[in-house]
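Each chain gets a letter, A, B and so on, in the order its sequence line appears, and its residues count up from 1.
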There are 2 protein chains.
Amino acid sequence: MSTTRRKYAPRLPPAQRRDQLLDGALALLAEGGFDALTMEAVARRSGVTKPVVYELFANRAEVISGLLAREAERATAQVLEAIPSGLDDRSPKDLYTDGVRAFVHAVVESPDRWRLVLLPPEGTPVEFRRQVELVRAQVTEQVNALADLGLKAMGGPELDAELLGHTMLALAEMSGRLAITDPERFPPDRLVAFVGKIAHFLPNG
Amino acid sequence: MSTTRRKYAPRLPPAQRRDQLLDGALALLAEGGFDALTMEAVARRSGVTKPVVYELFANRAEVISGLLAREAERATAQVLEAIPSGLDDRSPKDLYTDGVRAFVHAVVESPDRWRLVLLPPEGTPVEFRRQVELVRAQVTEQVNALADLGLKAMGGPELDAELLGHTMLALAEMSGRLAITDPERFPPDRLVAFVGKIAHFLPNG
DNA sequence: CCATATTGCTACGGTGGCGTAGCTTTCACA
DNA sequence: TGTGAAAGCTACGCCACCGTAGCAATATGG
């Protein structure tokens, strides 16, 4: 058995290869969870061998954090692009509702990406949790600001501002989760309509 | 070097050993996530050898589902015990608030247990997700019933009943999560007070 | 105090991922 | 067209976990 040499994979500049590998990693994750995300698997998936992967990522942890970093960036870009934060002739309530709308649509567009953020942590690699928490902290800050604004604009702070922020986030995430896990039953419109109503029932925010 | 024989672990009847092993498994999970939960580790952790573990669990999957089954049972018991569902002279809103109170206190009492349910899966073993979803489905049904009750009692269904159920659940889970991840900043009282206010702002439920 | 079931242990062979050393092919450019 | 750097590849040794076969200690009850 002359060990037949494998066909050379097409050559790629590092940056591009890196992206390709992360694509593979994301797919693996979506299919088989974190257990499926190994260096070997990433290599196989992209039709390439292990040393190639090690050329770009020192270890599994780097693949994971690299993946999350990239996806988080794209994810936020996806939302920010959809939400014209410039003109704010809208009330905080409408701003929030519009944000949720943009968010839910982004989720429906790239479920794999968002599954990563919405249905992840604990029991998953530590580095990963760290990263997610970082991103979440940023978002929380923004949302808290909005909540504050709402409370100030509409009267005395009858509600715990910080918790209101968390709640707004939780509502958005719930919508995203439902949009991913049961898209038939929960189309974006239904979700957004509901969130909008809730927002208007609250005394402010 | 005569290979010194290891000291015999105290003998235990199966049921008791089983419980001990699951305790070990839970601790491992809390410390190092799912990657840390291996047959070897479970054995080591309980000062016992692998075949002993295999005597009680055929494989990792069984350990996991066994663990989740036990914890889920204890968890629900913990809540049900704290919430006197018999007397319902209270309004649905108060019922809900009391439920959340009981829930948050249960969480604070056994964080490891609830972390398992609240900050879990995806990217974690499939069997596990299945189990969690089963439990969650049961709870969702209960909560939906409550939401329905609230909506009917307080006037026409201005709100999407099903989504209201999900929201109530999401609020409770958010409270639980915050109670676990930042207990200093979010003591039970603060959380419960907030949830109570929110409930009363909504037109019903 | 001995027989025997029960409980636990040692010791493997097997698999699969990790990470690296060193060789081979491509390809851009002279 | 030929050459050297860049990009890939093969092929290891290592380690951790899996799962099992067969032996050793310990209880119990006759």
**Student:** Give the rounded distance in Å between these two atoms: CG of A/Leu56 and C1' of D/dA6.
**Tutor:** 13 Å
**Student:** Contact class for B/Thr49 vs. all strands (heavy atom < 4.0 Å): base, sugar-phosphate, or nothing?
**Tutor:** base
**Student:** For A/Arg60 and C/dC18, give me the distance from atom CZ to atom P, rounded to whole Å.
**Tutor:** 7 Å
**Student:** What's the CZ-C1' distance between A/Phe57 and C/dC18, to the nearest Å?
**Tutor:** 17 Å
**Student:** Over how many whole Å does the gap from A/Lys50 atom NZ to D/dT10 atom P extend?
**Tutor:** 12 Å
**Student:** Kindly check if the number of other-residue, nucleotide or ligand heavy atoms within 6.0 Å of CD (B/Glu55) is above 12?
**Tutor:** no
**Student:** Mind calculating the distance between OH (B/Tyr54) and P (D/dG22) to the nearest angstrom?
**Tutor:** 18 Å
**Student:** Quick one: label A/Pro51 by what it contacts on the DNA or RNA (base, sugar-phosphate, nothing), any heavy atom closer than 4.0 Å.
**Tutor:** base
**Student:** Rounded to the nearest Å, what distance is computed from the CG atom of residue A/Leu37 to the C1' atom of nucleotide C/dG17?
**Tutor:** 12 Å
**Student:** Rounded to the nearest 0.5 Å, what separates atom CZ in A/Arg17 from atom OG in A/Ser46?
**Tutor:** 7.5 Å
**Student:** Please report the distance, rounded to the nearest Å, between CD in A/Glu55 and C1' in C/dG19.
**Tutor:** 13 Å
**Student:** Send over the distance from A/Glu40 CD to C/dT15 C1', rounded to a whole Å.
**Tutor:** 11 Å
**Student:** If you measure from the Lys or Arg side-chain nitrogens to the Asp or Glu carboxylate oxygens, is any gap between A/Asp19 and A/Arg70 under 4.0 Å?
**Tutor:** yes
**Student:** Which nucleotide in the list D/dC17, C/dT7, D/dC9 gets nearest to the side chain of A/Ala9?
**Tutor:** D/dC9
**Student:** Can you see if the side chain of B/Arg11 gets near the phosphate of D/dT28 - specifically, an N or O under 4.0 Å from OP1 or OP2?
**Tutor:** no
